[in-house]
Every structure is written in C-alpha cells, then in structure tokens.
K.L.:
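What follows is a structure written as structure tokens; I'll ask about it next.
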Amino acid sequence: MSLNNELAKLFNTMATVLEIKGENTFKVNANRKVARELEELLDDIGSIQKISDIKGIGKSSAIKIKTYIETGTMEGYAELVNSIPSGLLELMNVQGLGPKTVGRLWKEIDVVDIATLKTAIEDGRLESMPRMGKKTIQNIAESVDFLKQHAGRWRIGVAMPLAEELIRKIKCISGVTNVKYAGSLRRGKETIGDIDILVSAMDEQLVAESFCNFENVDKVLAKGETKCSVRVAEGLQIDLRIVSEESFGAALMYFTGGKEHNIILRERAIKQDKKLNEYGLTPSKICDTEENIYKDLGLPWIPPEIREDRGEIECEVTPRLIELNDIRSDLHCHTTASDGYMSIEKLAEEAIARGFHSIAVTDHSQSQGQANGLSPERLRAHIHAIKQVNQKYNNIQILAGSEVDIMPDGTLDYEDELLNELDIVVASPHASLQQNTPDATARLIRAIEHPLVNIIGHPTGRIINKRKGLEPDIPSLIDAAHANNTALEINANSYRLDLRDIHVRAACNGNAMLSINTDAHRPEDFNQLIYGILTARRGWALPSNCVNCMELEELQTWLALNC
DNA sequence: GCCGTTTTCGGCCCGACTGTTTTCAGTCG
C-alpha cells in the first residue's frame, strides 16, 4: 500500500472511532476530509514540503502525518483506536447501523463485533433495547448476511450495463418524461457503491410501484413518495428518485455529486443569498437543466467526471475533455493467434464499424505460455498474415504489433531484431506483479526507455477488487514516458482501468502521451472503450493528450519516432 | 479539526425514509 493510502486509512479509522465515541461531527468530517485528500493526492505525501498547504489538511493533521512519515507511528492513534473494541469498526459497515447505534450496542449490551451482534440477536438482548423493534432487528440481521456475501464495490463494467437496462425499462412505464442515472456512475468512477436513477413522470406512484416490482428486484429497502431503494438479484442497491420536471436539473446535479463539489456549490449559493438543494436554486429562475443552475451560480457547466473539487470550480473555462467520438484507432487487440477469439479480418471489421482509421494486432509474446504467446517464428508468420489481410482492405490500416512482456528486470520478451519488424510495440507487465516499488519502477522505466517501445500496456497490472498489481513511482514513469516519447496506456477493460484516474491527471500534467485501448479479446470487448474514456475524462485528459485521437498520418509519424 | 472577500471565533449542507413512537432519532446519500 502506498504511503498516501496507508495514511488515508489511518485518518478514516480515526474518523470512525471518533464517530462511534460520539465526538463532534465536524471533527469526524475533518478527519475524513484529510483521508480523502491523501487518497487523491498525485504526489507522494513524503515528498511534500509543507503538508498544511494542502486544502483540508490543517496544522494538527499535518503534524500527525509528518510524525508518521518520520517514525512510522502516529501520536494518539493507538490510544484512540484502542479506546474502543476493534470489532466495532466492522459493525459500521452493516447497513442500517450508524455510530449512535453501534455505540449503544457496545455500551448497553456488550456487542463488540459481528459475532457478538449475531448472538445478541439470537438471545433476544437486542430486542430489550429501546427503539429496537422486530423490523429493525430483522433488517440488521439481513444486512449482516448481505455484508458477508458482498463486501466492496461493483466494477463500472457491471453497474453501467445494469443501469442502462433499468433505464430502458423505466422509459417503458407510462407517463415517464425523463430518466437518467446520476451518482458515481455518472461521474465515471471505476467502482460503484450503488446506482442512483432519477426519473420524472406524470404518475409518480405508478413509477414507484412498477420499479419496485421489476422482475430482478430481490428486496425493497425503502419505498416513499419521492424515493425508492431496492436491491437487485446481482446484489447492487438501486436508488430511484422521483422528481418534478422543473427541478430535474437541480436533482441531477445534486445526486450526481461528488459530495465535496456539491458542498462548494451550496456554499457559493449561500454567498449569493441563494439556496441550492435538489429542488432548485432559490430564489431563482429555471432549474430544469444543470446548465441553467451552473449559469445562475456564475459558472460554466462542468462535466460530471471532474466534479470532485479538484480545481474544476476555479477553472474559468471548462476544458474540452476527450470523448468517445475522438478515438480513431485501437492499438491493443488480440486474435486467435494467442488468446483472442477473433480473426485478423474480424478485428478489421470491428474497427471499420467503429469508424477507426487503424487497428493494431498485438498478440501475446512467447513467455505468456498460458495465453498461447507467440514464439519468434510464429510471430514472423503472424506479421506476414497481418500484412496480407491489410492488403485486402482500403478503408482500414491494420498494424502488425505485439503485446510483448516486460520481464521482471525490464528487458523485453523478444530480441530487438524481431521487434524491429513490427509496426507497433505495446510492452506490458504480466508476471512478477508483487515486486517492490523501486524494482517495479526500474523495470517499467527500462521498458519505457527501450527505443522500439511505443506504448506501455496496463502499466501496473492491477485487477480491480482482485489484484493490487505493481506500485511504481508514477511521477518517475511519467517523466520517463515524456522524455522517451512512449505513451502510457489507459487499458479500458473494466477489470483493469490501468492507468487509473489520478495517474491520468498526473500524466497529462507531465505531458506524457496516453493511449486508450480496449485490449479486446472478443467482439463485445470493444464496447468497453467507454470506461477508458471515462477514466481519461476523470483525469482531465484532452484529445491532444491521447495518441488514439491522432489522424492516421500523425499517428504514423508518432510511431516512426520509436522504431 | 479546518477555515477566513463579514470572521483567528464561530460556524461547518440538508432533506427523505424507516421504524418506532405519538413527535422524532438515526441513517443514508
């Protein structure tokens, strides 16, 4: 775990403990804010001179951070955390249990973790507490079971298709005038906690009723006049907000977030003697669209992906972020020659259907035995086959490439002589992904500096919710990538999204080129390009930051720089 | 605990829903 994340975890834990102990909520929130700043900090916290210059981190937290960096311990942390049973922290993850209840469970009936909570439910002690009725207890019991089965968040690749399907169904309900998803899904985050859907309709009751009765709804968690929450068979929670057409924009803005962005907008409204909530900006004019509200607040419309209070509000002109239609090529795809399911022709046709001017065939290299990686002889034959197929098409350029393994020491999996025969080289780490930071950094920089490498594929090798992957020093990689004209990939596969959003932002700031590719193995994988685009947008990437947005001639010139 | 274009002290976003109780506390987003 990086130092930033390590510290963020400590501050989050402190916040939770303070919450359970019933401390001032503003103090709790201040600790959470410090944690969030640390999580999203681009630079290593250890390299920052004046920590208290970071917005949201004050003197007191700065001292704690500094001591931790120097000594490995944080003053007061152990004392605070040891002041409550450690199991109370996991109890806070049970839906429906908040700090007040957890505190009471502990003090009044000696519940200290999930196991003792289950016992207390079984032996009737919970029922003896005030405000603990049968329904509440049943909900808690169900949430405990649910937590055991589904810890964590869902990949955007799961959440978005599900949300789109729900929206299609909601649109079919009679009288529905507008429906959109909001929340972290709309902001394009790599993982989603739950799906927020906004709807306006002539008959609100009919919408609520129909929604709660959709066939894949497992459990109705809440059902009111303006809000319904359900859990669907996949395990995700879906919140449906029913709003009027006039306040659709305000509601969309409110429920899209992010939280910090919203707070700043509300504070801005207050300074202008106005009030902003999910119903509108009052006293004001029309709040049916987000554009109108931003305009009333004296701001340009801000794309959802960058609504994170990371400088977007201070920005005078909203950047023209990269869009799906800007992409003109896919430079990392597989065929049946290695572990893909498509022929070279199929790749070409998929690319043509998407309006690309070129596509790169980049099958695995020889070390990837389990992925049927190509021996040098097979690669030579494959290059020949690719060139043959390329001659058949006049509306697509098929590039002969390879996804060549970066070995643990940073050397490549083929000799330079063979790499020289390729149009494009994507170099990726696949094995030895537990290397320490200095080794991983040296390994990747060596590949970046290799004169024949054009793109570093999925630079960390992480798999979301499954594998941490390498933790190289990202600023060093970016410097090297910029200096050597090597692009860093945003692998669009929703399991990977590697580089991730904050690294994309750092890469753009450091003038390193990006390459957004699907790493397609099957035809449907091309549809995941959107997740790469959303990740790029979250990193404030412009079309000019991405080699896949280049026209053919420009791309060929760029590729020729490293050959 | 953090912050300052009214402030170095005194604020800090706010509404919906549930389950319980009978007017509201707690949780959630």
Side-chain angles (χ1 to χ4, degrees), chain A residues 11 14-15 17-20 22-37 51-65 76 80 91-105 126-127 129-140 142-143 182-187 192-198 204 208 212 219-230 237-243 247 250-251 253-282 309:
Chain A
F11 277 94
M14 288 195 287
V17 175
L18 291 169
E19 219 178 2
I20 294 170
E23 291 274 350
N24 180 331
T25 50
F26 299 111
K27 191 169 163 180
V28 173
N29 286 338
N31 275 281
R32 292 221 190 281
K33 170 108 176 154
V34 172
R36 184 175 175 271
E37 289 302 323
I51 293 168
S52 59
D53 277 354
I54 301 170
K55 200 176 68 174
I57 304 186
K59 227 176 175 179
S60 142
S61 296
I63 292 171
K64 285 184 184 155
I65 293 169
L80 178 66
L91 278 180
M92 287 287 287
N93 296 326
V94 176
Q95 188 166 40
L97 288 188
K100 294 271 173 19
T101 313
V102 168
R104 282 181 50 213
L105 288 173
L126 213 60
E127 216 171 338
M129 292 175 72
R131 297 192 72 88
M132 271 294 170
K134 281 204 165 56
K135 194 92 197 232
T136 305
I137 292 172
Q138 191 193 341
N139 283 340
I140 293 173
E142 282 175 12
S143 296
S184 51
L185 180 60
R186 184 161 178 249
R187 300 206 310 283
I192 312 296
D194 54 31
I195 296 175
D196 292 298
I197 296 179
L198 288 183
E204 291 91 348
C212 291
K219 183 177 165 66
V220 177
L221 301 168
K223 189 174 163 194
E225 282 178 20
T226 64
K227 182 190 162 184
C228 300
S229 284
V230 300
Q237 181 177 323
I238 321 287
D239 292 341
L240 184 79
R241 318 276 176 164
I242 305 164
V243 302
S247 44
M253 201 161 146
Y254 184 92
F255 291 113
T256 296
K259 196 176 170 189
E260 306 284 336
H261 178 90
N262 278 358
I263 289 173
I264 290 183
L265 292 187
R266 274 173 247 153
E267 285 169 356
R268 192 180 174 100
I270 290 166
K271 278 180 197 153
Q272 297 175 8
D273 287 326
K274 293 173 184 164
K275 184 174 149 187
L276 179 63
N277 58 23
E278 63 262 55
Y279 300 108
L281 180 63
T282 48
D309 180 29

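FYI, side chains are in, hydrogens and waters are out, and symmetry mates aren't considered; it's all heavy atoms of this structure. The chains referred to below are lettered A, B, ... by the order of the sequence lines, with proteins before strands, and numbering in each begins at 1.
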K.L.:
Tell me which nucleotide among B:dC3, B:dG1, B:dC17 gets nearest to the side chain of A:Asn24.
P.N.:
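Between B:dC3, B:dG1, B:dC17, the one nearest the side chain of A:Asn24 would be B:dG1.
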K.L.:
Using the closest heavy atom to pick a nucleotide of DNA chain B for each, name whichever of A:Lys59 or A:Glu278 lands nearer the 5' end.
P.N.:
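That would be A:Lys59.
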K.L.:
Atom pairs, N/O to N/O, protein against nucleotides 26-28 of chain B, distance under 3.5 Å?
P.N.:
from, atom 1, to, atom 2, distance (Å)
B:dG26, O3', A:Thr101, OG1, 3.1
B:dT27, OP1, A:Gly98, N, 2.7
B:dT27, OP1, A:Gly98, O, 3.0
B:dT27, OP1, A:Thr101, N, 3.0
B:dT27, OP1, A:Thr101, OG1, 2.4
B:dT27, OP2, A:Lys100, N, 3.2
B:dT27, O5', A:Gly98, N, 3.4
B:dC28, OP1, A:Gly96, N, 2.6

K.L.:
Need one value for A:Lys223: base, sugar-phosphate or nothing, where a base atom within 4.0 Å counts as base even if backbone is also close, heavy atoms only.
P.N.:
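Sugar-phosphate only.
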K.L.:
Between B:dG11 and B:dT6, how many Å separate the two C1' atoms, rounded to a whole number?
P.N.:
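Result for the C1' pair: 13 Å, nearest Å.
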K.L.:
Apply salt bridge (Lys or Arg N to Asp or Glu O under 4.0 Å) to A:Lys227 and list each qualifying residue two or more places apart in sequence or on a separate chain.
P.N.:
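A:Lys227: no salt bridge (Lys or Arg N to Asp or Glu O under 4.0 Å) contacts found.
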K.L.:
Determine, step by step, whether A:Val34 and A:Lys64 satisfy the side-chain contact (heavy atoms from CB on, under 4.5 Å) criterion, reporting the C-alpha distance in whole Å, the side-chain angles of both residues, the deciding distance to 0.1 Å, and the verdict.
P.N.:
CA-CA 11 Å; A:Val34 172; A:Lys64 285 184 184 155; over 6 Å; no
K.L.:
Within the structure, does a side-chain N or O atom of A:Lys134 lie under 4.0 Å from either OP1 or OP2 of B:dT18?
P.N.:
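No, no such contact exists.
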K.L.:
Grab the CG-P distance between A:Leu18 and B:dC12 for me, whole Å please.
P.N.:
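Distance, rounded to whole Å: 21 Å.
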K.L.:
When rounded to the nearest Å, what value does the distance between C1' atoms of B:dC14 and B:dT7 take?
P.N.:
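Straight-line distance between the two C1' atoms is 23 Å.
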K.L.:
Under 4.0 Å between a Lys/Arg side-chain N and an Asp/Glu carboxylate O for A:Arg32 and A:Glu19?
P.N.:
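Counted as a salt bridge, because a side-chain N and a carboxylate O are separated by less than 4.0 Å.
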K.L.:
Under 4.0 Å between a side-chain N or O of A:Thr136 and OP1 or OP2 of B:dT18?
P.N.:
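Negative; the distance criterion is not met.
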K.L.:
From the options B:dG15, B:dG29, B:dC2, select the nucleotide whose nearest atom is closest to the side chain of A:Arg241.
P.N.:
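Looking only at side-chain atoms, A:Arg241 lies closest to B:dG29.
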K.L.:
Heavy atoms under 4.0 Å, any strand shown: does A:Gly183 hit a base, just sugar-phosphate, or nothing?
P.N.:
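Counting heavy atoms under 4.0 Å across all strands, no contact is made by A:Gly183.
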K.L.:
A:Arg104 side chain to A:Pro130 main-chain N or O, any donor-acceptor pair under 3.5 Å?
P.N.:
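Yes: the side chain of A:Arg104 pairs with the backbone of A:Pro130.
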K.L.:
Is it the case that atom CD in A:Gln272 sees more than 12 heavy atoms from other parts of the structure closer than 6.0 Å?
P.N.:
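Counting neighbours around CD of A:Gln272, more than 12 heavy atoms of other residues, nucleotides or ligands fall under 6.0 Å, so yes.
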K.L.:
Check whether any side-chain N or O of A:Ser61 sits under 4.0 Å from OP1 or OP2 of B:dG1, and answer yes or no.
P.N.:
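It does not, given that no N or O in the side chain of A:Ser61 lies less than 4.0 Å from OP1 or OP2 of B:dG1.
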K.L.:
When all nucleic acid strands are considered with a 4.0 Å heavy-atom cut-off, which category describes A:Tyr279: base, sugar-phosphate, or nothing?
P.N.:
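It contacts sugar-phosphate atoms only.
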K.L.:
Looking for any heavy atom pair under 4.0 Å, which part of the strands does A:Lys33 touch: base, sugar-phosphate only, or nothing?
P.N.:
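No contact.
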K.L.:
Calculate the interatomic distance between A:Leu276 atom CG and B:dG15 atom P; express it in whole Å.
P.N.:
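From A:Leu276 CG to B:dG15 P: 11 Å.
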K.L.:
Give the rounded distance in Å between these two atoms: NZ of A:Lys271 and P of B:dT7.
P.N.:
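Result: 13 Å.
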K.L.:
How about A:Lys100: does its NZ atom have over 12 heavy atoms from other parts shown lying under 6.0 Å from it?
P.N.:
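Check fails, neighbour count at 12 or below.
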K.L.:
Should the pair A:Arg241-A:Glu278 be classified as a salt bridge under the 4.0 Å nitrogen-to-oxygen rule?
P.N.:
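Looking at A:Arg241 and A:Glu278, the cut-off is not met.
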K.L.:
Applying a 4.0 Å non-hydrogen cut-off, can you work out what A:Ser229 is touching in the nucleic acid: base, sugar-phosphate, or nothing?
P.N.:
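The residue A:Ser229 makes no contact with any strand.
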K.L.:
If I take atom SG from residue A:Cys228 and atom CD1 from residue A:Ile242, how far apart are they, to the nearest 0.5 angstrom?
P.N.:
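Nearest 0.5 Å value for the SG-CD1 distance: 4.5 Å.
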K.L.:
Taking atom C1' of B:dT20 as reference, at what distance in whole Å does atom CD1 of A:Ile140 sit?
P.N.:
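My rounded result for the distance is 13 Å.
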K.L.:
Whole Å only: how far is the CD1 atom of A:Ile242 from the C1' atom of B:dG15?
P.N.:
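Result: 16 Å.
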K.L.:
Could you check how far CD of A:Gln138 sits from P of B:dG19, rounded to whole Å?
P.N.:
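Whole-Å distance recorded here is 9 Å.
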K.L.:
Counting only side-chain heavy atoms from C-beta out, which of B:dG29, B:dC12, B:dG15 sits nearest to A:Tyr254?
P.N.:
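Among B:dG29, B:dC12, B:dG15, the one nearest the side chain of A:Tyr254 is B:dG29.
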K.L.:
Starting from C1' on B:dT20, measure out to CG on A:Asn139 and report it in whole angstrom.
P.N.:
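Roughly 13 Å, once rounded to whole Å.
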K.L.:
Nearest of B:dC2, B:dC3, B:dG19 to any side-chain atom of A:Lys135?
P.N.:
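Output: B:dG19.
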K.L.:
Applying a 3.5 Å limit to both distances, which nucleotide forms a Watson-Crick or G-U wobble pair with B:dC12?
P.N.:
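Partner of B:dC12: B:dG1.
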K.L.:
Could you give the distance separating B:dG15 and B:dG10 at their P atoms, to the nearest angstrom?
P.N.:
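Rounded to whole Å, the distance is 26 Å.
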K.L.:
Mind checking the P distance from B:dT21 to B:dT27? Whole angstroms is fine.
P.N.:
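Result for the P pair: 16 Å, nearest Å.
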K.L.:
Please list, chain by chain and in numerical order, all residues satisfying salt bridge (Lys or Arg N to Asp or Glu O under 4.0 Å) with A:Asp53, sequence neighbours excluded.
P.N.:
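For A:Asp53, the residues satisfying salt bridge (Lys or Arg N to Asp or Glu O under 4.0 Å) (neighbours in sequence not counted) are A:Lys50.
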K.L.:
What integer distance in Å separates A:Ile192:CD1 from B:dG29:P?
P.N.:
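Atom CD1 in A:Ile192 sits about 14 Å away from atom P in B:dG29.
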K.L.:
B:dG1 and B:dT5: how far apart are their C1' atoms, nearest whole angstrom?
P.N.:
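Per the computed distance, 24 Å lies between those C1' atoms.
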